[in-house]
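Both ligands and their constituent atoms are indexed starting at 1 by order of listing. None of these values were measured; they are calculated from a predicted model.
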Amino acid sequence: MSRPSLGGYGRVRRPNRVGGRAGGVEGDDPTVSEPGFGAYDLVVVANRLPVDRKEEPGGSTSWQPSPGGLVAALEPIMRRHEGAWVGWTGAPGEAPEPFDAQGMHLVPVPLSEEEVELYYEGMSNGTLWPLYHDVIVQPSFHRQWWDSYVRVNWRFAQAAARQAARGATVWVQDYQLQLVPRMLRDVRPDLRIGFFNHIPFPPYEIYSQLPWRRQVLDGLMGADLLGFQRPADANNFLRACRRCGLPTRRGEVVVPDEHSPHGRRAVRAAAFPISVDTAALDEIARRPEVAERAREIRRELGDPDVVLLGVDRLDYTKGILHRLKAVAELYDDERLPLPGTVFVQVATPSRERVESYQALRDEVEVTVGRINGVHGQLGKPAVHYLHQSFPRDELAALYLAADVLLVTALRDGMNLVAKEYVASRFDEGGALVLSEFTGASIELTQAYLINPHDIDGLKNQLVNAVRDAPRERSRRMRAMRRRVWQHDVGRWAQDFLQALERVRPGDDPGGEDGASAPEEASEPASPELVAVGGRDRRSTDHPGSDRGDVDVRDADVRGVGQPVPR
Ligand code: ADQ
């Protein structure tokens, strides 16, 4: 069976392939060739490195660990496996030489000013981000952005191929690098390749708008295991595959593969909901100085009866305007008494050069100003708005100070803020109002769940969260804490890597035991897409509903939605 023919990656020259053996890679420059293998058994490939560059007063630079769940999750594993991390420093221009920090080998990938604009701000954040988040904002489609995306993905793939030892595991992260799995497999078929999508994978009706929908699927298909936040995301992906003529069965896609002895291989798709470092957050929140700071925050706010809190990147997916609308109406209706209530909205600056983010910031700031204009008093704003980043312990103090955390995302892969809040509430106090459009809502079912588009419903649940008896609030918080203790970020990484370990590259997915034999597609493939599977499946396809063929055991294995005994 021939490999999928996708018509190439647009106008960009595809990387040359190294035939049937594992070997070296070629660079952007065809005269440069680096045969051989790297030294690392585990290579993480992510858009960003896990460190931030810090300019010291004397003009020198140092590297500080960048806070974040992914780094916390992977750091111990990276240390154990002698891992390398390939990523961008966050600043345009030349990249520093690879260096060692925090027990990891860090490999900076350079991005030019133009690539930051086209690949990062353009294709990643102007096309894929809005498309994958239910087109809350209209995605833009530009061929120049796509070309840059291909070029940059290839650069990341090359860098990873240079670091990976023979037979190593490479774990590619997120939507900015969806072509890397295929590019890597082409040059290094010896590798075990995993990919994790941190954001939702949209329904096919939305995904199909992408002019490069075939190429992106082909890019992902280079992986052995594709991880998604929710079973629904994995199902959306599998359905897109079927629509493109690739047979799927029980959470696997069968793809042609000339490197495999059987001429084909299985790509598994499953849900692995990401989480937080629960023990670390619990420990920070228990520090006496953090508890003292939480008390101080309430004093600074004027000792109100009720503190409402929102903590988000300033992003249109987070539903900040919906939240402000609900709170303002509750002030209007006097169902939230003033001045006894304050709302603190912390909004981290994000993607500030992207137009839709500038427009959102303006709208949020005008709205906050309007609410304070109507409801504020001298020295007592009704909404405190902080467009700033905070260190971990200050966030923990804010979480402890808040009676209610509001998470009103319109669409969110997971939402770690919700889990951080729960992990920090060792006192079993506080209440979580949580959008059902977050991945977190599948696990944190004891939250006050809301549909952020239903402003009346949101208002009612917010009032319930404020007014419910402390016993009821503690009962809910206790149940949610059990969940985040048992499913922390370490378990997420371990589950994913163990599932990737179980991939046996030589297996025949359509082999005699029939365990994972391909099934017929359940929907007609789009006529122009049938070439993806290497053969025309139209004659065997029959229209029908999406069978949602992520094996339900995927969900059970991860415990999604399952009550967890303590
Ligand atoms: P994000 O969209 O960035 O992540 P989220 O999961 O909530 O959303 O993570 C935000 C992180 O930033 C949290 O760790 C939070 O503590 C931190 N943060 C927010 N405001 C801050 C502030 N003012 N100062 C300091 N830190 C702040 C993407 C996806 C999510 C998915 C994650 C992980 O969009 O759906 O949960 O990746 O997979």
Please work out whether any backbone atom (N, CA, C, O) or any side-chain heavy atom from C-beta onward of [X] is under 4.0 Å from ligand 1, and answer side chain, backbone, both or neither.
X    : answer
L395 : side chain
Q229 : side chain
Y175 : neither
K318 : side chain
Q173 : neither
V417 : both
L416 : both

| said: Can you tell me if F196 contacts ligand 1 (heavy atom of the residue under 4.0 Å from the ligand)? | reply: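 Outside the 4.0 Å threshold, so no.
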
| R370 atom CZ, over 12 foreign heavy atoms within 6.0 Å | no

If we count only N and O atoms by modelled type, under 3.5 Å, do the side chains of [X] and [Y] hold a donor and an acceptor together?
X    : Y    : answer
R323 : Q345 : yes
D315 : Y357 : yes
Y132 : D233 : no

| request: Look at the side chain of Q176 and the backbone N and O of Y120, then say whether any donor-acceptor pair between them is shorter than 3.5 Å. | output: no

